[in-house]
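Structure, as structure tokens:
Proteins come first, then strands; the chains are lettered A, B, ... in the order of their sequence lines, and each starts at number 1. Only heavy atoms go into these numbers, but all of them, side chains included; no hydrogens, no water, no symmetry mates.
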2 protein chains.
Amino acid sequence: MATPLPPRRRPTMVDVAARAGVSRALVSLVFRGQPGASAETRSRVLAAAEELGYRPDSAARLLARGRSRTLGVLMTVREPFEADLVEAIYPEAERLGYEVLLSARTPGRDEATAVEGLLAHRCEAIVLLGPDVGDAFLTELGARTVAVVVGRAAPGLDSVHSADAEGVRQAVDHLVGLGHRDVVHVDGGTGPNAAARRTGYLEAMAAHGFGGRARVLPGAYHEDAGIAAAQALLAGPELPTAVLAANDRCALGLLDTLRRNGVDVPGRVSVVGYNDDRLARLSHVDLTTVRQDAGLLARHAVRAAAARLDDPDLEPGETELTPELVVRGTTAPPGVPGGALAADVAP
Amino acid sequence: MATPLPPRRRPTMVDVAARAGVSRALVSLVFRGQPGASAETRSRVLAAAEELGYRPDSAARLLARGRSRTLGVLMTVREPFEADLVEAIYPEAERLGYEVLLSARTPGRDEATAVEGLLAHRCEAIVLLGPDVGDAFLTELGARTVAVVVGRAAPGLDSVHSADAEGVRQAVDHLVGLGHRDVVHVDGGTGPNAAARRTGYLEAMAAHGFGGRARVLPGAYHEDAGIAAAQALLAGPELPTAVLAANDRCALGLLDTLRRNGVDVPGRVSVVGYNDDRLARLSHVDLTTVRQDAGLLARHAVRAAAARLDDPDLEPGETELTPELVVRGTTAPPGVPGGALAADVAP
DNA sequence: TCGTGTGACTAGAGCGCTCTAGTCGCTCCG
DNA sequence: CGGAGCGACTAGAGCGCTCTAGTCACACGA
């Protein structure tokens, strides 16, 4: 008995109800998993739905229900750390009974457009990933809907981020503990959190009594900045024994350029990144870095959104998670051949 | 005259209509940009909407309109090539008047779930990125909705992909042109398109009269496979002078491992990737690779979806784009010190 | 015998839009 | 002067659901 496919029309509840010989309301009931239908009827409805290839229309469902129970996520394709976040958002949202809609910010599509799309789809809350969202934009958005920012502090909004100064301090402690004295920081420029990381570095150096040796190189949150910084270091009078990069991508550029120029890492120079994104963990990179736990950040963000949704009068809060240093293969005590090699490399 | 914000309720057309002193229908008309409203009324409506912070609810709009004009995109966060595709899909979709909804396949969220979400949101067509979608899944999906697969051929569905054998041939031609005789292929294992690339390689080698020297190493589409292949080569009796990797990620692992073991690339061994994703283009990678034009693939995919939507009776078609070799810094003529170095490296 | 539960089911009013089929005043023409 | 034509606007049905307020049959205790 082949299913008589209606022309092209997508089957609705009415079709299922007719086929199962029950009312529309009963079908709705079954699909919402509510009590009130006998086991026998329930399975008959389900079978009818299956035969027709019926699936509930979430537009209609959204409309009829007051709430959409949908979370919008603003992301950047291509940022490995955000990918980690997205992966972690899905399960937590599901656990709390929310659907997730993704919208990407790209070079040709700004945040406003991306968010507009999410809002039009009735997202109850927006989770903004990545710190490169404008401040003015944020406050305006916060006034209009529930918004949670992941990766940086946001005044007047819910935000989840890690304690950057603390993370940097751990990295400096680790390097100093290994015996390093000349630790250079390649910073994140004007990027968000860059100031916090920079300050954290300076303070940590001072705390160890190396305030005078602290040295900050201008950088940014991408590979090219790392490459440029490495070239600057190679051209300088003497290589430091350790470099603390603004983030993992910057560290990667740095690492690669140093090695290509015959500098042994970690033998001659130790390198530390920040974020612990997937790239850092790859076996051929094996970067010592400061981990921001993407899973934890994501869970907190989703919960914050849900909490605000449950109680709109809740004060927006800032959640600061403690980052954790992950020691891998790019750090070691300053090498014995250090001085000699430095001389070799320096002009 | 402050806007008297209603408790929390999102404003609707009725609110706007009341404020502007017109009917609901007129507001709808204005928002759809249809003729039939005087310029004066139009701006009055727009002003009222602005004051109330009204934005049309796309769930309701979707429901009322027959069509959703929404394209669903199934993607994998974290695959650089897919990021390129997504970035290119947005503008083309907008050009054709479609919205885009993203849904990610993650380790904990399979394709079926991701697609289900898109379908529930009334996407008219689904664009599936990345070739790791199951075949059975595809045919079932194709029967249910308009689906376009990007990155591989798909029987009975619209698909857009590049001519893999041709791309590989270009790579082999390039290497042979440089003087290489011993070109090894690290393949993509059972991965999609891997067979096509493998065959392309074997045929190209044969065409140059080197069929007997052709050598395929088992691999996969990720960095670890490249690392393993490099280790196998290093452990072997003699290094080839060139390696053609299954894709860029594989090439990256290969590249890194070779260099770490003191093998000069491209001096001693040339390496070629496949895809030309962003990573390959980074200045510190600078990989010679076969480009699949993400922008072109994306545009074709979106257009194919739109075309099928306009005319459901259209035969599904396979679009094959010609890939193009991009010569960068990882290929060079086989080095003079080749033989000697090979002996050095071999045990 | 009647209430009074209770479990299984249904009727019908929305949700916020779109869209068809109007109505209402005008101007213009024969 | 009557109506055709037109621009500006409105009424109201309907999209596919959810949800409240039922109805109906049946068992059970007093």
Side-chain angles (χ1 to χ4, degrees), chain A residues 6-46 48-49 52-70 97 99 119-124, chain B residues 6-46 48-49 52-70 97 99 119-124:
Chain A
R8 263 281 180 188
R9 234 189 72 252
R10 161 179 181 142
T12 77
M13 257 185 180
V14 178
D15 303 318
V16 178
R19 190 176 189 105
V22 296
S23 74
R24 227 179 51 261
L26 217 248
V27 176
S28 166
L29 221 140
V30 168
F31 269 87
R32 280 175 291 139
Q34 297 241 330
S38 68
E40 197 263 320
T41 313
R42 195 171 291 270
S43 63
R44 197 148 39 86
V45 167
L46 256 16
L52 292 173
Y54 166 80
R55 66 205 64 249
D57 178 338
S58 72
R61 172 172 276 185
L62 232 70
L63 195 57
R65 211 164 34 200
R67 302 187 51 177
S68 73
R69 297 208 72 94
T70 299
E99 274 191 79
L119 251 26
H121 277 279
R122 273 196 167 227
C123 289
E124 297 183 2
Chain B
R8 263 281 181 187
R9 232 189 74 252
R10 162 180 180 139
T12 78
M13 260 186 177
V14 178
D15 303 318
V16 178
R19 188 174 191 107
V22 296
S23 74
R24 227 179 54 260
L26 219 246
V27 177
S28 165
L29 221 139
V30 168
F31 269 86
R32 278 176 292 139
Q34 296 243 328
S38 67
E40 195 264 320
T41 315
R42 196 171 289 271
S43 63
R44 197 149 39 86
V45 167
L46 256 17
L52 294 173
Y54 167 80
R55 67 202 63 252
D57 178 338
S58 71
R61 174 171 272 185
L62 231 70
L63 195 56
R65 210 164 35 200
R67 302 187 52 178
S68 72
R69 296 207 72 93
T70 299
E99 276 191 78
L119 251 26
H121 278 277
R122 270 192 168 232
C123 289
E124 297 183 0

Can a donor-acceptor pair under 3.5 Å be found between the side-chain atoms of B/R24 and the base atoms of C/dT18?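 For B/R24, whose side chain was compared with the base of C/dT18, there is a donor-acceptor pair (under 3.5 Å).
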5' precedence on DNA chain D between A/L63 and B/R42 (nearest-nucleotide basis):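 Whichever sits nearer the 5' end wins; that is B/R42.
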First encountered from the 5' end of DNA chain D, between B/A64 and B/L29: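 First, find each residue's nearest nucleotide; the 5'-ward one identifies B/L29.
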What distance do B/L26 atom CG and B/R44 atom CZ have between them, rounded to the nearest 0.5 Å?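 Spacing of CG (B/L26) from CZ (B/R44) equals 8.5 Å.
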Over all strands shown, is [X] touching base, sugar-phosphate only, or nothing at heavy-atom distances under 4.0 angstrom?
X	result
B/V14	nothing
A/T41	sugar-phosphate
B/A25	base
A/R122	sugar-phosphate

Strictly distance-based, threshold 3.5 Å: is any side-chain N or O of A/E99 a donor or acceptor partner for the main-chain N or O of A/T70?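 No, because the side chain of A/E99 does not come within donor-acceptor range (under 3.5 Å) of the backbone of A/T70.
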Any donor-acceptor pair under 3.5 Å from A/R69 side chain to A/G97 backbone: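 The answer is yes, because a donor-acceptor pair under 3.5 Å joins these two groups.
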Rounded to whole Å, how long is the line connecting atom [atom1] of [X] with atom [atom2] of [N]?
X	N	atom1	atom2	value
B/R67	D/dG14	CZ	C1'	19 Å
B/L62	D/dC17	CG	P	12 Å
A/L26	D/dG16	CG	P	20 Å
B/M13	C/dC19	CE	P	10 Å
A/Q34	C/dG7	CD	P	15 Å
A/R65	D/dT20	CZ	C1'	17 Å

Over all atoms of both residues, closest heavy-atom pair of A/V14 and A/R24: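 The pair with the smallest heavy-atom distance is CG2-CD, 3.7 Å.
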Any idea which heavy atoms bring B/F31 and B/R61 closest together, and the distance?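 What the structure gives for the nearest pair is O-NH2, 4.1 Å.
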Nucleotide nearest [X] (side chain, heavy atoms from C-beta), chosen from [options]:
X	options	result
B/R61	D/dG16, C/dC17, D/dT10	C/dC17
A/S23	D/dT10, C/dT10, C/dC17	C/dT10
B/D57	D/dT10, C/dG16, D/dG16	C/dG16
A/R32	D/dT18, C/dC19, D/dG16	D/dT18

It should be established whether B/S38 places a side-chain nitrogen or oxygen under 4.0 Å from OP1 or OP2 of nucleotide D/dG7.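 It does not, given that no N or O in the side chain of B/S38 lies less than 4.0 Å from OP1 or OP2 of D/dG7.
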